[in-house]
Amino acid sequence: MIKLKSLGLLLGIVSILIGLSNCSKIENGLSQLQWQIDFDLVNTSWDIQFKDAATGEFIGLHDDTRVEVNITGPDQAHVLDMAGIRHDLFFSTKGFLGLVLHPDRGNPGENDPVKITVHAKVDGFLPVQVPIETFHIGIQPIEIMLVNLNAPPEGVKVFHEENISNVVYGKLEDSLLLYTPGNRLELLIPKDTELRDKNDFLLGGPLTITLALWDCTKESAMQALTGGPLALLNFTQFELGIKQPASQVFIRIQDQYGKIASQLSKSMEATFLVDPEIFHPEIGRFVRPDDVLPVYVLDGLTGVWSRENTVVLEAFQNKVLARITLNESGMFHFGWMDQSYCSNPLPLIFSSLPEYSLLPYSFRLKVYRNYNNQFQYLFSFCIAGQTNGNSELRYLPVGKELILRFEPYINCSDPYYRSPDPVLLTGECSINEPLENHLLPLPPGEVRELDVVFIDTQHNNTEYTPASFA
């Protein structure tokens with residue numbers, strides 16, 4: 001028996017059985033317009049899973065917590081819920097959200113991918129903005145990790161405190177000096193700083209301040225990067241870059257009425273440690289004092305990262321230090337954005353013995369860059385399907401030597417096969433011949449009952465674009 005653990009997929013199947021009809025045309029901007037669509041024409045959907053970055057547990061699985069989701073991007077008007085209704089806001093159920101693509105959009109293709117950004121927020125977690133390109137029809141499993149303020153993953157240091165200082169007539173009564181655990185990030189906000197939100201309203205009353213710092217030498221911190229490893233660099237053209245951070249910093253200053261400071265009349269000073277084992281991707285060595293790091297700032301409304309500044313690294317007690325003045329709060333990326341990735345994907349083929357051909361495979365595929373036999377983690381994703389089916393790997397950096405490592409990943413599907421051996425790639429995009437993996441089954445005692453299956457009813461083989469970056 002096959003049991004469906006994905007609630008989003010289950011809701012989708014229920015909706016299909018309802019048999020809604022009378023397909024309506026999409027009009028951009030009519031976000032409240034309700035459509036009843038013919039689900040026989042729907043062949044592209046997203047099964048989004050929201051997880052705690054530290055535990056991997058689905059957010060809201062054991063309570064009524066719901067993740068609030070907004071969709072932006074060129075194709076946002078074509079994204080509907082499982083009942084065929086377009087909303088300004090969608091909400092998860094038990095950590096899952098199922099969305100479908102309106103058939104009037106036309107099928108995604110290699111030269112016409114569907115382009116959206118998922119904005120997700122929930123109390124007690126840091127917000128995220130995840131850009132997604134979908135190149136194929138079928139069910140697209142998307143895994144989104146959020147950082148729990150009270151229990152962040154290893155490598156992410158968080159300071160979060162309420163009722164700090166006081167703001168009178170928009171001005172801070174006292175100067176503030178705040179630290180994350182271990183004093184890796186220090187923030188100084190001067191006295192009499194005037195605080196205004198994005199609508200130019202003054203903040204007032206006691207403040208709630210959140211600071212977070214990512215140690216990007218830790219895989220767990222890299223897997224918890226805000227929005228994953230891809231950055232949206234241009235909203236209109238939907239240009240993407242691969243994040244290669246030396247560090248990521250989050251600062252949020254909020255008053256008792258929920259207003260968030262986006263404008264400060266005086267500069268605040270942020271000082272933080274950069275791990276000296278961070279690779280400088282443009283030079284090919286570890287970072288050093290006097291290296292210059294680009295600084296990108298996230299626009300929370302559009303999900304776009306913009307380069308706005310640079311910071312020069314300093315020497316400090318045999319460590320590397322970054323010091324920068326800021327006049328806004330938000331999410332900051334200190335490091336590089338690599339846009340030189342292969343335009344064509346690397347095909348992945350998984351095969352096994354005929355008697356095992358109906359068993360699914362499930363792996364987390366991790367991608368590392370090789371710097372003189374030193375391996376730096378870039379990104380990872382869950383890949384699952386049926387043997388003798390195809391998948392593909394996108395966003396491989398051009399001209400870089402890469403290592404692919406496969407690991408069992410039970411959150412995607414219980415593993416039935418041994419993990420393939422690591423693979424070395426040269427980064428020559430023109431040589432992207434299919435990467436074939438012959439899978440060997442696990443011993444009987446290590447095989448568990450199947451709890452997750454993703455079904456593509458359009459093809460005999462299950463095909464996924466690995467958009468589920470973690």
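Worth saying up front: this structure is predicted, and the values here are computed from it rather than measured. Index from 1, following the sequence.
Within a 6.0 Å radius of CG in D200, other residues, nucleotides and ligands contribute more than 12 heavy atoms. The local environment of CG in N199 is crowded, with over 12 non-hydrogen atoms from other residues, nucleotides or ligands closer than 6.0 Å. Shown here is R288, whose CZ atom has no more than 12 heavy atoms of other residues, nucleotides or ligands within 6.0 Å. Counted within 6.0 Å of CG on D123, heavy atoms from surrounding residues, nucleotides or ligands total 12 or fewer; the atom is thus considered open. The 12-atom threshold is not exceeded at CD of E277, counting heavy atoms of other residues, nucleotides or ligands nearer than 6.0 Å. More than 12 heavy atoms of other shown residues, nucleotides or ligands fall within 6.0 angstrom of atom CZ in F91.
When side chains are defined from C-beta on, C216 does not count as touching D275, because their heavy atoms never get closer than 4.5 Å. Within the 4.5 Å cutoff, the side chain of I116 has heavy atoms near those of the W46 side chain. Between I71 and L99, the closest side-chain pair of non-hydrogen atoms falls below 4.5 Å. Residues L80 and I85 are not in side-chain contact: their nearest non-hydrogen atoms beyond the backbone lie 4.5 Å or more apart. Side-chain atoms of L126 and V156, non-hydrogen and from C-beta on, never get closer than 4.5 Å to each other. Between K243 and F379 there is no side-chain heavy-atom pair separated by less than 4.5 Å. The side-chain heavy atoms of L402 and L378, taken from C-beta on, include a pair separated by under 4.5 Å. Side-chain contact between S92 and I59: absent, with no pair of heavy atoms (C-beta onward) separated by less than 4.5 Å.
Proximity of a side-chain donor or acceptor of N70 to a complementary backbone N or O of L89 within less than 3.5 Å is not detected. Although no hydrogens or angles enter the test, the distance criterion places no donor-acceptor pair under 3.5 Å between the side chain of R105 and the main chain of A77. The closest donor-acceptor contact from the side chain of W214 to the backbone of T226 lies at 3.5 Å or more, if one exists at all. No side-chain donor-acceptor contact under 3.5 Å links T310 to the backbone of V292. In this structure a side-chain-to-backbone donor-acceptor pair under 3.5 Å is missing from T193 to L264. Between the Q140 side chain and the H136 main chain, a donor and an acceptor come within less than 3.5 Å of each other. When atom types are taken as modelled, the side chain of T117 and the backbone of Q129 share no donor-acceptor pair closer than 3.5 angstrom. Side-chain atoms of K266 come within 3.5 Å of backbone atoms of K191 as a donor-acceptor pair (strictly under, hydrogens ignored). Of the possible polar contacts, one joining the Q263 side chain to the D197 backbone as a donor-acceptor pair under 3.5 Å is found.
With salt bridges taken as basic N to acidic carboxylate O contacts below 4.0 Å, none links D299 and K198. No salt bridge links E407 with R405; every basic N to acidic carboxylate O contact stays at or beyond 4.0 Å.
Taking CG of L211 as the reference point, atom CG of L178 lies at 5.5 Å (rounded to 0.5 Å). Remark: F50 CZ to T93 OG1 distance equals 10.5 Å, nearest 0.5 Å. With rounding to the nearest 0.5 Å, the separation of NZ in K400 from CG in N370 is 12.5 Å. A distance of 6.5 Å separates CZ of F235 from OG1 of T302, quoted to the nearest 0.5 Å. Here the straight-line distance linking atom NZ of K259 with atom CG of L207 works out to 10.5 Å at 0.5 Å rounding. One distance of note links CZ of R86 with NE2 of H78; it measures 10.0 Å at 0.5 Å rounding.
The two residues I253 and L203 have their closest heavy-atom pair at O-CD2, 4.0 Å. When all heavy atoms are compared, the tightest approach of E328 to F332 is O-CZ, 3.4 Å. Annotation for T325 and S267: closest pair CB-CB, 4.0 Å, computed over non-hydrogen atoms. Among all heavy-atom pairs drawn from E110 and P345, the shortest one is OE2-CD, 3.7 Å. Closest non-hydrogen pair, L293 versus A246, comes out as CD1-CB, 3.8 Å. The nearest pair of heavy atoms linking P289 to V320 is CD-CG2, 4.3 Å.
Side-chain N/O atoms of E239 and N234 include no donor and acceptor closer than 3.5 Å.
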Without placing hydrogens or testing angles, list every side-chain donor-acceptor pair under 3.5 Å for residues 334-342, not counting sequence neighbours.
{"unit_1": "D338", "atom_1": "OD1", "unit_2": "S340", "atom_2": "N", "d": "2.9"}
{"unit_1": "D338", "atom_1": "OD1", "unit_2": "S340", "atom_2": "OG", "d": "2.5"}
{"unit_1": "D338", "atom_1": "OD2", "unit_2": "Q244", "atom_2": "NE2", "d": "3.4"}
{"unit_1": "Y341", "atom_1": "OH", "unit_2": "L240", "atom_2": "O", "d": "3.4"}

Please list every donor-acceptor pair under 3.5 Å in which a side-chain atom of residues 157-173 meets a protein atom from a residue at least two apart or in another chain.
{"unit_1": "H160", "atom_1": "ND1", "unit_2": "T210", "atom_2": "OG1", "d": "2.7"}

(request) Show your reasoning for whether side chain to side chain contact (heavy atoms under 4.5 Å, CB included) applies to F279 and F286. (result) CA-CA 4 Å; F279 283 103; F286 293 129; 3.5 Å; yes
(request) Dump the intermediate steps for side chain to side chain contact (heavy atoms under 4.5 Å, CB included) on I48 and V67, then the final yes or no. (result) CA-CA 11 Å; I48 305 177; V67 179; over 6 Å; no
(request) Decide side chain to side chain contact (heavy atoms under 4.5 Å, CB included) for K51 and E143; before the verdict, give the C-alpha distance in whole Å, the side-chain angles of both, and the deciding distance to 0.1 Å. (result) CA-CA 7 Å; K51 296 180 179 179; E143 183 182 60; 2.6 Å; yes
(request) Go through the steps to decide whether D174 and L176 satisfy the test side chain to side chain contact (heavy atoms under 4.5 Å, CB included), and finish with yes or no. (result) CA-CA 6 Å; D174 304 295; L176 290 176; 5.5 Å; no
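Seen from the ring of F135, R394 counts as a face-on cation partner, given the 6.0 Å and 45° thresholds.
In this view, R307 satisfies the side chain to side chain donor-acceptor pair (under 3.5 Å) rule with no residue, not counting sequence neighbours.
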